[in-house]
Structure formats: structure tokens, C-alpha cells
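Read the structure below first, then the notes.
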Amino acid sequence: MYKKISKNEKVTRKISEVHSADNYLTKEITENVSLAVTKLNGNLDSSKIENERVYYFIVANVDFIIDDEKVHCESGDVLYLEKGTTYSACGDFEAVTINVPAYGVKKELR
């Protein structure tokens with residue numbers, strides 16, 4: 001099985017005034033993994049993730065606070081967050097974001 005997702009099929013979600021996600025691979029396709037291009041321009045409030053998450057930063061100058069530790073990320077860096085990690089961020093980035101298992105709400109099929 002395979003699925004090609006074109007840029008015209010992405011679903012853009014505005015998470016907050018400073019944070020958005022272009023969702024490509026979602027729970028509607030597979031519950032195993034999701035992929036989005038996320039963007040931040042400002043402060044990301046503290047949140048706890050319920051899955052494993054990987055950021056590959058296309059463009060970035062951002063500081064994450066993870067377990068009271070400041071982690072600076074730049075373009076080309078990769079950041080892995082374990083399930084249950086609480087973090088916040090401040091700065092700017094555009095990143096490929098992968099979640100395992102898939103992140104988001106699965107739509108009911110009728």
C-alpha cells in the first residue's frame with residue numbers, strides 16, 4: 001500500500017496566533033505516523049506531548065525549554081522528544097514534524 005499526498009491536499013491548521021501546521025500525513029491515512037510542516041513565530045506555550053515527536057528544522061532560530069534545560073535549535077538540526085515530554089519554545093522555525101503514533105483526531109468514516 002502507498003499514498004502520495006500532494007501539496008494541494010495538505011490541511012492547514014492554525015494552532016495559535018503564532019503557530020500553524022500544514023498537515024500531510026494524518027490519522028485518516030494511518031494511525032502509525034503523522035507528518036506536518038509546522039511553523040512558529042513567537043512563543044509556544046508549555047505542553048506535554050502524548051507521542052514521540054521529531055522536528056527537522058528547515059529554517060530555525062529557536063530556544064526550547066525541556067525539563068528546565070534551554071536547548072537552542074538552528075536550521076538543519078533535529079530535535080527528538082520522547083512521549084510524555086513537557087516543553088515550550090520561543091523563536092522562529094519551519095520544521096518537518098513527525099509524530100509516532102500519528103497525532104490528531106481521526107475522523108469517523110460513514
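These numbers come from the heavy atoms of this one structure, side chains and all, not from hydrogens, waters or symmetry mates.
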**Prompt:** Looking at Asp22 and Lys39, does any basic side-chain N land under 4.0 Å from a carboxylate oxygen?
**Reply:**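 So Asp22 pairs with Lys39 through a salt bridge.
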How far does [atom1] of [X] sit from [atom2] of [Y], to the nearest 0.5 angstrom?
| X | Y | atom1 | atom2 | result |
| --- | --- | --- | --- | --- |
| Ile29 | Lys27 | CD1 | NZ | 13.5 Å |
| Ser20 | Glu17 | OG | CD | 11.0 Å |
| Leu25 | Asn99 | CG | CG | 10.0 Å |
| His72 | Cys90 | NE2 | SG | 11.0 Å |

With a 4.5 Å cut-off on side-chain heavy atoms, are [Y] and [X] touching?
| X | Y | value |
| --- | --- | --- |
| Val62 | Cys73 | yes |
| Val37 | Tyr24 | yes |
| Glu9 | Lys3 | yes |

**Prompt:** Going by the angle between their ring planes, with limits at 30° and 60°, are Phe64 and Tyr87 parallel, tilted or perpendicular?
**Reply:** tilted
**Request:** May I ask you to decide if Val11's main-chain N or O and Asn23's side chain share a donor-acceptor pair within less than 3.5 Å?
**Result:**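 Yes; at least one donor-acceptor contact below 3.5 Å.
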**Asked** Does a donor on one side chain sit under 3.5 Å from an acceptor on the other, for Ser6 and Asn8?
**Response** no
**Asked** Using a distance-only test with no angle check, is there a side-chain donor-acceptor pair under 3.5 angstrom linking Thr38 and Thr97?
**Response**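 There is such a pair (donor and acceptor under 3.5 Å, judged by atom type) between the side chains of Thr38 and Thr97.
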